[in-house]
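Heads up, the thing below is written out as structure tokens.
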Amino acid sequence: MVSRVIPVKAFDLVLFGATGDLAQRKIWPGLFHRFVAGQFDEHSRILGVSRSDLDQAAFRKKVAKSIEDPKADKDLIEKFLEHVDYISIDATGERGWDALAQAVRPDTVRAFYLSVAPRFFGPIARRLEKFGIATPDSRIVVEKPFGHDLESAKTLNEELRACFQEHQIYRIDHYLGKETVQNLMALRFANSLFEPLWNSSQIDHVQITVAESLSVEGRGEYYDQSGAMRDMVQNHLMQLLCLTAMEPPSKFTPNAVRNEKLKVIEALEPVPPSDIARGQYRAFGEQGSYRDHSGNPDSTTESFIAMKVEVANWRWAGTPFYLRTGKCLRQRLSEIAVFFRNPPHMIFPGAETPQGNVLVIRLQPDEGMTLHTTIKDPGPGGMRLTEASLDMTFADSLKGSEQPQDAYERLIMDVIRGDQTLFMRGDEVESAWAWADPIIAGWTERKTKPQQYDVGSAGPEDALLLMHKDGRRWRSIGA
Ligand code: BG6
């Protein structure tokens with residue numbers, strides 16, 4: 001396979017929150033990788049913005065530190081830093097905005113990346129407009145969390161739309177930038193094999209798992225206000241569900257794709273409490289508990305959630321989607337597993353279908369796909385059946401082509417290209433909150449407490465029961 005890097009036009013990327021955690025972990029390294037890959041036009045610039053009073057040299061030193069790639073050529077880092085400048089700005093005051101207005105150039109793609117808390121979205125957008133920095137062509141990128149509930153999401157949308165039009169607003173859900181997530185669309189819409197099977201007559205159920213082994217230590221204060229439902233389900237898992245369940249769009253354009261995703265969210269049934277299992281990890285050995293990490297000894301916030309979701313439309317009625325995500329689980333593992341129905345009649349006497357056909361799309365680690373099939377157990381002994389799998393690891397299949405990019409790398413380049421396909425539209429986000437809000441409100445009303453689970457386990461007992469009562473089983477999370 002041939003490596004293909006499509007250069008983007010010259011840009012001025014203004015990065016608010018340029019010294020923050022996300023910028024250091026993801027945005028600067030991502031930009032550097034795209035620079036090394038040759039995707040930058042030589043006239044492109046990144047203007048780092050934050051409140052701190054730093055000079056150019058001190059700022060570039062910080063950026064160099066966040067790239068921290070021992071394999072990177074020092075000269076390349078120096079060359080990259082030549083594209084980087086710094087401006088100190090008071091996001092909610094007047095200081096620094098004139099300097100920014102003078103620094104951005106006409107006839108260059110202009111993008112504002114707000115890697116800051118949502119309360120700054122409105123104030124920054126208003127100042128970009130007031131100081132004449134925002135143009136009708138410029139783009140504004142905002143990070144998650146996009147609101148805390150439907151009302152706050154609506155307010156954020158209004159604040160952004162007061163200064164920018166929807167086609168200029170890029171709401172990031174980094175799961176959409178993951179290689180395998182896009183592969184899911186390729187798998188479904190570039191192959192004819194799966195489409196006739198992709199419905200409730202052929203599919204028994206779907207399991208979507210995003211398991212993490214990390215705790216919430218270090219970000220407990222944020223997380224305790226959020227929980228797994230707001231932090232992961234309303235956005236990342238929702239996007240995975242949408243891409244799995246959506247109808248084929250008529251073309252691969254941002255609005256055609258997002259219209260179809262929106263229809264899935266709008267078709268979601270309310271979820272009754274009996275179809276939800278919430279958990280919170282407890283201390284184990286050296287490892288502290290969720291309550292230690294959140295600094296809230298009485299916390300009733302969930303660090304784990306499993307739920308059964310019904311998509312009420314012709315394609316999916318009768319095929320539940322089980323979602324599951326949590327912290328401090330046995331292993332980091334994200335996958336979508338599509339369980340096909342068993343054969344309607346088994347002709348081999350005494351033979352059970354071991355597992356049936358399951359298509360597993362692995363997001364991480366070890367991106368790839370596995371199709372579990374049933375074959376004859378080789379050798380004598382009659383017609384015994386066993387399971388065999390067709391395995392495809394993308395890294396092996398794509399040897400020789402470019403390494404998959406980090407989600408942020410791709411998404412930032414899409415902003416420069418002006419392609420919104422992998423970004424959430426305002427109505428999509430609002431619709432996802434409209435579905436999530438009553439579920440969360442129900443917990444508060446009923447004062448429900450999450451069930452405790454061990455660090456390093458597969459989650460709380462209730463999650464197993466949720467499946468057992470439907471006569472099904474979760475796929476295992478690690479060995
Ligand atoms: C973030 C959540 O959006 O996604 C985190 O806030 C979570 O809690 C992270 O750990 C997971 O992302 P990834 O790419 O590591 O799966």
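Atoms within a ligand are numbered from 1 in the order they appear, just like the ligands themselves. In this chain, residues are counted from 1 in sequence order.
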Check whether Y175 forms a cation-pi arrangement with K178 (NZ or CZ under 6.0 Å from the six-membered ring centre, at most 45° off the ring normal).
yes
Determine whether the side chains of K261 and Q239 contain a donor N or O and an acceptor N or O closer than 3.5 Å.
yes
Going by distance alone, is a donor N or O of one side chain under 3.5 Å from an acceptor N or O of the other, for D414 and Y170?
no
Under 4.0 Å from a heavy atom of R332: give me the atoms of ligand 1 that qualify, with their elements.
13 (P), 15 (O), 16 (O)
May I ask you to list the atoms of ligand 1 that are less than 4.0 angstrom from any heavy atom of K178?
13 (P), 14 (O), 16 (O)
With a 4.0 Å heavy-atom cut-off (strictly under), which part of Y223 contacts ligand 1: side chain, backbone, both or neither?
neither
Y281 and H293: side-chain donor and acceptor closer than 3.5 Å?
yes
Within the 4.0 Å heavy-atom shell around D231, which atoms of ligand 1 are there?
2 (C), 5 (C), 6 (O), 8 (O)
Give the residue, atom name and distance (to 0.1 Å) of the protein heavy atom nearest atom 16 (O) of ligand 1.
Y175 OH, 2.5 Å
Ignoring hydrogens and geometry beyond distance, is a side-chain donor-acceptor pair present between N235 and R171 at under 3.5 Å?
no
For ligand 1, which is the ligand I care about here, please tell me if K327 has any N or O atom under 3.5 Å from one of the ligand's N or O atoms.
yes
On a heavy-atom basis, I'd like to know which of H174, K144, H236, E212 is closest to atom 13 (P) of ligand 1.
H174
Residue-level breakdown please: for K26 versus ligand 1, do any non-hydrogen atoms fall below 4.0 Å on the side chain, on the backbone, on both, or on neither?
neither
Output yes when a side-chain donor or acceptor of S152 lies under 3.5 Å from a complementary backbone atom of H148, and no otherwise.
yes
